[in-house]
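The structure under discussion appears below in the form of structure tokens.
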Amino acid sequence: MRILVTNDDGIHAEGLGILEQIAAQLSDDVWVVAPETDQSGVAHSLSLSNPLRLRQIEEKRFAVQGTPTDCVIMAVRSVMAEMKPDLVLSGVNRGQNVAEDVTYSGTIAAAMEGTLLGIPSIAVSQAYMAGDRTSIFWDCALQHAPGIIRRLLEEGIPEGILFNLNFPNVAPSEVAGVAVTAQGRRDQELMRLEPRRDGRGNPYYWIAFQRGKHEPANGTDLRALAEKKISVTPLELDLTHEPTMTRFAQLFA
């Protein structure tokens, strides 16, 4: 099995090294094509106004000046063109990618692009405690991800579907199980803009999230992580809402 490893945190991210170790437990043919710099939050964007610059770091390891989506396209259409990958793994993201994160995440977007190109694809993220980006239980993903990925591949990933894996903020031995979940939803009132001023007094802003009580719904990715479980969420690329489509088709008939 030929595996493409990518991410959105950049070629030097610690989580990328963790994912390489995970991939190495699945195959001895692992390729890395990742962004030159941090591309968190760029979602499923393409670089259309700037050229893609490719830098080879070592054998089977490349950096691209572009987005995670660019990286997957570059890998499949150029770097690995003679034999495309059998699996795309994206991550391990520093921080969870759940609920509305799905629409913002470059990590998930790379897996989306792999799926669009007809390649089974899985996004992998490791949760950590808010406000502490230094103490991350990378071993949680490292120990548990290979077995979960194997089982998903053995069962078969349907066409047009990608999997979003999120590992809880606990040591590997404290994981309470695996839950197949739906995409959750946070309280959007927790999102805010933090105003500041630069050295010349000009205003600028940071998008920030304030802490608050929020009870995640049962069966969601948010609830699974809160219960110290690994969240496995199948995501569909077809965004059409069929009941509404049928309703409005009748309206305009």
Side-chain angles (χ1 to χ4, degrees), residues 4 6 8 39-48 67-73 76-77 84-91 93 95-125 127 148-149 151-167 177-191 207 209 212-227 229-253:
L4 168 62
T6 190
D8 73 351
Q39 298 290 309
S40 298
V42 301
H44 200 183
S45 59
L46 289 166
S47 296
L48 298 179
T67 69
T69 300
D70 296 332
C71 290
V72 175
I73 294 172
V76 175
R77 299 301 189 205
K84 74 177 186 179
D86 303 297
L87 174 67
V88 174
L89 297 178
S90 181
N93 190 69
Q96 63 191 27
N97 272 312
V98 292
E100 66 277 0
D101 299 341
V102 168
T103 62
Y104 302 128
S105 168
T107 301
I108 294 175
M112 287 181 173
E113 189 62 32
T115 303
L116 283 172
L117 295 173
I119 304 166
S121 301
I122 300 171
V124 185
S125 301
I148 292 175
I149 293 171
R151 295 185 70 176
L152 293 176
L153 294 176
E154 289 169 0
E155 181 63 26
I157 298 178
E159 184 177 353
I161 302 295
L162 62 118
F163 276 92
N164 182 27
L165 308 186
N166 281 273
F167 292 84
V178 179
V180 179
T181 61
Q183 180 184 344
R185 186 172 182 179
R186 293 188 183 94
D187 180 357
Q188 289 304 303
E189 292 303 314
L190 298 177
M191 180 185 287
I207 293 177
F209 294 90
K213 292 184 178 180
H214 175 65
E215 186 67 23
N218 288 328
T220 63
D221 44 19
L222 289 166
R223 175 57 71 89
L225 293 185
E227 294 176 346
K229 295 178 180 178
I230 298 167
S231 172
V232 179
T233 309
L235 301 175
E236 186 175 11
L237 290 184
D238 184 352
L239 302 180
T240 306
H241 188 254
E242 293 188 4
T244 302
M245 180 183 69
T246 301
R247 173 189 165 196
F248 280 84
Q250 294 171 345
L251 176 66
F252 290 102

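All residue numbers in this chain count up from 1 along the given sequence.
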[X]: side chain to side chain donor-acceptor pair (under 3.5 Å) partners, not counting sequence neighbours:
X: Thr233; value: Thr181, Ser231
X: Thr107; value: Asp8, Asn93
X: Ser90; value: none
X: Thr220; value: none

Could you check Val72 against Ile119 for side chain to side chain contact (heavy atoms under 4.5 Å, CB included), going step by step and ending with a plain yes or no?
-> CA-CA 11 Å; Val72 175; Ile119 304 166; 5.8 Å; no

If you measure from [atom1] on [X] to [atom2] on [Y], what distance do you get to the nearest 0.5 Å?
X: Ser121; Y: Ile161; atom1: OG; atom2: CD1; result: 11.5 Å
X: Asn97; Y: Asp221; atom1: CG; atom2: CG; result: 10.0 Å
X: Glu227; Y: Leu225; atom1: CD; atom2: CG; result: 10.0 Å
X: Leu162; Y: Ile122; atom1: CG; atom2: CD1; result: 9.0 Å
X: His44; Y: Ile108; atom1: NE2; atom2: CD1; result: 11.5 Å
X: Leu4; Y: Leu87; atom1: CG; atom2: CG; result: 8.5 Å

Keeping to residues at least two apart or across chains, list the salt bridge (Lys or Arg N to Asp or Glu O under 4.0 Å) pairs with something in residues 95-120.
->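 Sorted pair list: Glu100-Arg186, Asp101-Arg186.
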
Scan for salt bridge (Lys or Arg N to Asp or Glu O under 4.0 Å) pairs involving residues 242-253, sequence neighbours excluded, and state none if there are none.
->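 Checked against salt bridge (Lys or Arg N to Asp or Glu O under 4.0 Å) - neighbours excluded - no pair reaches residues 242-253.
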
Side-chain donor/acceptor of [X] to backbone N/O of [Y], under 3.5 Å:
X: Asp70; Y: Leu46; answer: no
X: Asn166; Y: Gln96; answer: no
X: Arg185; Y: Ala99; answer: no

For residues Thr6 and Leu89, determine if any side-chain heavy atom of one lies less than 4.5 Å from a side-chain heavy atom of the other.
->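 Of all side-chain heavy-atom pairs linking Leu89 with Thr6, none is under 4.5 Å.
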
Would you indicate whether the side-chain heavy atoms of Arg77 and Leu117 approach each other to under 4.5 Å?
->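 They are in contact (side-chain heavy atoms under 4.5 Å apart), so the answer is yes.
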
[X]: what forms a side-chain contact (heavy atoms from CB on, under 4.5 Å) with it, not counting sequence neighbours?
X: Ser45; answer: Val42, Thr67
X: Thr246; answer: Gln250
X: Arg151; answer: none
X: Asp238; answer: Glu236, Thr240

Which atom of Ala43 lies closest to which atom of Ala109, heavy atoms considered |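 Taking Ala43 first and Ala109 second, the nearest heavy atoms are O-CB, 3.1 Å.
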
Minimum-distance pair of heavy atoms, taken over all atoms of Asp86 and Pro120 |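 So the minimum-distance heavy-atom pair works out to O-CD, 3.4 Å.
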
Do other residues, nucleotides or ligands put more than 12 heavy atoms under 6.0 Å from the CG atom of Leu251?
->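 Yes, because the 6.0 Å sphere around CG of Leu251 holds more than 12 heavy atoms from other groups.
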
List the steps, then state whether side chain to side chain contact (heavy atoms under 4.5 Å, CB included) holds for Val232 with Ile148.
-> CA-CA 9 Å; Val232 179; Ile148 292 175; 4.3 Å; yes

